[in-house]
Engineer: 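Got a structure for you, written out below as structure tokens; questions coming shortly.
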Amino acid sequence: MGDRSQSITIRSTMESDWPQIRGLRIENATDNPISYGATLHTTRRMNVDAWRLRGRRGEGPDTASLAAIDTKTGRWVGMMSGQLGDEDGPQAVLTGVYVSSDYRGRQCGIADALLDEVEDWACRTSDRLRCSENGQRDAGTDAHAASVRGAMVTW
């Protein structure tokens, strides 16, 4: 597999990224029965406006949406997102994580790189980054293992 971190760029999403976001979310929903709280069926039925909104989350002051892109192929291989506040409080919250199966693992470093950027955003907007689990660990992420390295992240 090798070290893929040398060929990965992490950047915020934009509204125009909606086709790539849709593709990665469909990959995630195919890989995981419930992805980002939605089934594959629900994910496929979302309209263009909903996808554009997801892209804009990388442009907002109260949200973070980051993509990991393999610069050698242009393939989107991971995403991580956060928002300020939810029903549990005003702190920054990690709201979604996905890394493509062939880019997972500490040796690739994709989840770590994405989490670094989300933590940077959280430091600018909140006193901590909260992570919530919805009753199951997603095999599509390395986020839990990556998050324990930082004192700012709480589960």
Engineer: Do Glu27 side-chain atoms and Ala29 backbone N/O form a donor-acceptor pair below 3.5 Å?
Structural biologist: no
Engineer: Under the 3.5 angstrom rule, does the side chain of Ser7 hit a backbone N or O of Lys72 as a donor-acceptor pair?
Structural biologist: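 A pair under 3.5 Å: no.
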Engineer: Looking just at side-chain N and O atoms, do Thr95 and Ser81 make a donor-acceptor pair shorter than 3.5 Å?
Structural biologist: yes
Engineer: Does the side chain of Asp62 come within less than 4.5 Å of Gln83's, by heavy atoms?
Structural biologist: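 No - every pair of side-chain heavy atoms lies 4.5 Å or more apart.
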Engineer: What residues, two or more places apart in sequence or in another chain, satisfy side chain to side chain donor-acceptor pair (under 3.5 Å) together with Gln20?
Structural biologist: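 Residues passing side chain to side chain donor-acceptor pair (under 3.5 Å) with Gln20: none at all.
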Engineer: Roughly how far apart are Ile26 CD1 and Asp31 CG, rounded to 0.5 Å?
Structural biologist: 13.5 Å
Engineer: Is the shortest heavy-atom distance from the side chain of Leu94 to the side chain of Arg130 under 4.5 Å?
Structural biologist: no
Engineer: Under the salt bridge (Lys or Arg N to Asp or Glu O under 4.0 Å) test, which residues partner Glu15, sequence neighbours left out?
Structural biologist: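 Here the qualifying residues are Arg52, Arg56.
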Engineer: So does Ala92 get a backbone contact from the side chain of Ser126, meaning a donor-acceptor N/O pair under 3.5 Å?
Structural biologist: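 Yes: the side chain of Ser126 pairs with the backbone of Ala92.
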Engineer: Taking the side chain as everything from C-beta on, heavy atoms only, tell me whether Val93 gets closer than 4.5 Å to Leu129.
Structural biologist: no
Engineer: Could I get the full list of salt bridge (Lys or Arg N to Asp or Glu O under 4.0 Å) partners for Glu117, not counting sequence neighbours?
Structural biologist: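 Result, salt bridge (Lys or Arg N to Asp or Glu O under 4.0 Å) vs Glu117: none returned.
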Engineer: Looking at Arg54 and Asp17, is any side-chain nitrogen of the basic one under 4.0 Å from a carboxylate oxygen of the acidic one?
Structural biologist: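 Here Asp17 does not pair with Arg54 in a salt bridge, since their nearest N and O are not under 4.0 Å apart.
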Engineer: So if I apply the side chain to side chain contact (heavy atoms under 4.5 Å, CB included) rule between Val77 and each of Asp102, Ile8, Val99, Ile69, which one comes out positive?
Structural biologist: Ile8
Engineer: Check whether any side-chain N or O of Thr39 sits under 3.5 Å from a backbone N or O of Thr42 as a donor-acceptor pair, and report yes or no.
Structural biologist: yes
Engineer: May I ask you to decide if Gly55's main-chain N or O and Thr13's side chain share a donor-acceptor pair within less than 3.5 Å?
Structural biologist: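 Side chain of Thr13 to backbone of Gly55, a donor-acceptor pair under 3.5 Å: yes, one is there.
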Engineer: Are any of the side-chain heavy atoms of Tyr98 and Arg104 separated by less than 4.5 Å?
Structural biologist: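 Counting from C-beta outward, Tyr98 and Arg104 do come under 4.5 Å.
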Engineer: Identify whether Trp51 and Met14 are in the same connected component of the hydrophobic contact network (ILVMFWY, side-chain heavy atoms under 4.5 Å).
Structural biologist: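 The answer is no; the residues belong to distinct hydrophobic clusters.
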Engineer: So Leu114 and Met79, do their side chains get closer than 4.5 Å, heavy atoms only?
Structural biologist: no
Engineer: Among Ile10, Val97, Asp116, which residue meets the side chain to side chain contact (heavy atoms under 4.5 Å, CB included) test with Met80?
Structural biologist: Val97
Engineer: With a 4.5 Å cut-off on side-chain heavy atoms, are Leu66 and Trp121 touching?
Structural biologist: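 The answer is no, as the side chains (C-beta and beyond) never meet within the 4.5 Å cut-off.
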